[in-house]
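Only this structure's heavy atoms are used, side chains among them; waters, hydrogens and symmetry mates stay out. Naming: A, B, ... by sequence-line order, numbering from 1 per chain.
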Amino acid sequence: MIRYEAVTKRYGDGPPALDGLTLEVPAGETCVLVGPSGGGKTTALKMVNRLVEPTSGRVLIDGRDVASTDPVILRRGIGYVIQQVGLFPHLDVAANVATVPKLLGWDRDRIEARVDELLDLVGLEPGTYRHRRPEELSGGQRQRVGVARALAADPPILLMDEPFGAVDPVTRARLQDEFLRVQRTLRRTVVLVTHDIDEALRLGDRLAVLATGGRLEQYATPAEVLARPATAFVADFVGAGRTLRRLDLLTVADALVPGRTTGGGPSVAPAATLADAMAALLTSDGPSVPVVDGGSVLGEVTLDSIRAALRESQVDVEVDVEVDT
Amino acid sequence: MREGKRLAVTPLLLCAAAVGVVVWAHKGADVSELGVLATGKLALRVREHLALCAVSTALAVAVAVPAGVAATRPGLRRLAPPLLFVANVGQSVPTIAVLALAFSVTGIGFRTAVIGLWAYSLLPVLRNTVAGLAGVDPAVVEAARGMGMSRAQVLRRVEFPLAWPVVVAGIRTAAVVNVGTAALATFVGAGGLGALITVGLDNQRDRILYTGAALTALLALAVDWAIAALAELGRSRR
Ligand SMILES: Nc1ncnc2c1ncn2[C@@H]1O[C@H](COP(=O)(O)OP(=O)(O)O)[C@@H](O)[C@H]1O
Ligand SMILES: [Mg+2]
């Protein structure tokens with residue numbers, strides 16, 4: 001668990017880069033710091049591994065102030081991924097991934113086995129890539145090696161600063177999928193920085209929306225941020241497509257009208273998103289789309305049932321908020 | 001690969017050229033010329049010359065590389081401009097003046113010549129050390145620090161290996177320039193191949209003059225080769 005307590009950072013005597021940030025990231029969750037450039041996201045991230053020290057306030061890991069741990073020791077227990085990747089150009093992939101295990105004094109066999117395991121995990125065939133130099137890799141492959149390197153010593157915490165920012169959109173989407181897959185099995189405590197709201201909604205269990213000047217505008221689940229933006233800034237940042245984005249977060253099961261169906265044409269599975277259902281609805285001839293699981297028909301979704309699902313999820317969120325406060 | 005081949009062929013060519021120079025120097029030489037150009041005498045001059053260059057370059061590396069490292073540490077960055085200024089002065093003052101200055105302190109001999117050459121070779125080594133370290137991608141350094149390397153480990157395992165080619169280029173420049181400049185050491189009585197050149201000039205003996213000049217040039221090429229070869233060896237060992 002990571003906890004920020006009233007953390008403020010000023011560089012020189014300028015305005016604060018981060019202004020009184022208080023938030024808690026539960027263990028095993030992904031917290032995405034999102035907001036426009038200059039919002040203090042990187043500053044907040046680097047306070048966890050003490051690459052930046054707060055001007056006031058403190059950062060706690062599992063209840064312990066990071067300022068009380070030697071930064072070198074602290075950092076060996078925290079994975080760190082940056083946009084520029086920062087692979088060591090004079091070392092091959094295996095040596096790059098082995099960096100922290102070597103610092104920790106693991107023996108050779110253990111390091112070798114670990115490197116292969118990690119390359120497999122990030123989808124790089126060890127036999128092919130172990131002895132490649134960073135310059136011989138594509139942007140996406142470099143980023144995978146960067147993630148493998150950060151995970152090498154099995155740190156409970158992972159800090160990622162715009163990890164998928166430097167690759168093309170197709171590669172980015174694939175890396176995001178793989179991140180979700182890996183994170184589902186590993187359940188690390190992740191703090192991830194991005195300026196891309198779509199990426200934030202996709203990857204985060206919780207979003208911390210930071211405005212310029214380092215003010216926290218909202219800290220909530222993606223569904224809540226979409227359904228109930230806390231401030232005009234958040235509403236604006238999430239943008240006009242917010243309703244359509246909410247369809248991505250709801251499933252067909254949420255809008256299912258059980259029973260028989262009158263619809264023909266395309267059908268959807270109950271686990272599909274409402275965005276998929278909406279697309280099916282738009283391309284079908286009738287007013288409903290059949291919901292099919294395996295071979296059996298469960299019911300249908302209609303425009304009305306989708307509307308109701310959206311309304312209902314908004315109410316859910318409001319109830320959540322009331323419980324929270 | 002091509003660099004490797006060049007490194008292998010160069011010493012053979014240089015040896016052949018040196019033998020050629022000696023044969024030419026001896027062919028038809030009169031007794032007084034042979035007194036200066038005897039193979040043993042030439043070898044002595046080459047040894048003197050090499051010793052001057054090796055000692056002064058080594059001392060320059062010993063001072064300028066740590067100074068360059070210090071000047072690129074965070075917090076000490078302000079050191080870089082004044083250090084480079086001093087080194088610039090060392091280089092822009094004519095060597096003969098540096099030698100004269102050193103002469104007034106340490107008198108005649110090897111030590112004086114080494115001091116002069118040393119002052120002259122600080123700049124290229126310092127400048128390249130600073131440039132090499134400053135040129136390391138900051139993202140790579142940040143990744144290294146973020147993974148828990150101490151400052152010393154970042155320097156030793158990341159910054160220095162990456163700056164190494166640039167540092168070596170500076171050492172190479174310093175050493176090669178030193179071979180040429182060391183020809184002036186004879187003026188403070190430190191011998192070297194410059195002695196042949198001055199004897200040749202003073203007595204109007206072109207044979208002696210040319211032999212000294214040709215051997216100096218060959219020595220410069222040999223030193224250039226040796227440092228490149230050492231650097232290549234160091235790189236492939238890593
Ligand atoms: N090392 C630094 N020195 C001075 N100002 C900085 C430094 N790092 C960041 N800043 C300033 O702090 C603000 C927040 O920066 P940053 O945390 O990088 O924001 P973000 O990651 O959200 O783009 C910016 O105005 C930036 O210019
Ligand atoms: Mg940033």
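- Residue B:Arg157 holds its CZ atom at 10.0 Å from CG of A:Leu91, rounded to the nearest 0.5 Å.
- When the shell of 6.0 Å around CZ of B:Arg111 is examined, it contains 12 or fewer heavy atoms from other residues, nucleotides or ligands.
- Here the closest non-hydrogen pair linking B:Ala143 and A:Val85 is CB-O, 4.1 Å.
- Nearest heavy atom pair, residue B:Gly148 against residue A:Leu103, reads O-CD1, 3.7 Å.
- Residue pairs meeting the side chain to side chain donor-acceptor pair (under 3.5 Å) criterion with at least one partner in residues 8-22 of chain B, sequence neighbours excluded, are absent.
- Looking at A:Val81, there are no atoms closer than 4.5 Å to chain B (heavy atoms on both sides), in backbone or side chain.
- Interatomic distance, A:Lys102 NZ to B:Met147 CE, rounded to the nearest 0.5 Å: 11.5 Å.
- Atom-to-atom distance recorded for A:Thr99:OG1 and B:Gln153:CD is 11.0 Å, nearest 0.5 angstrom.
- A:Leu74 does not touch chain B: none of its heavy atoms, backbone or side chain, sits under 4.5 Å away.
- Smallest separation of non-hydrogen atoms from B:Val140 and A:Leu87: CG2-O, 3.5 Å.
- Rounded to the nearest 0.5 angstrom, B:Arg145 CZ and A:Tyr80 OH are separated by 9.5 Å.
- Within a 6.0 Å radius of CZ in B:Arg151, no more than 12 heavy atoms belonging to other residues, nucleotides or ligands are found.
- Nearest heavy-atom pair, B:Gly146 versus A:Arg75, reported as atom, atom and distance to 0.1 Å: O-CB, 3.4 Å.
- Top candidate by heavy-atom pairs under 4.5 Å with chain B, chosen from A:Arg50, A:Lys46, A:Arg76, is A:Arg76.
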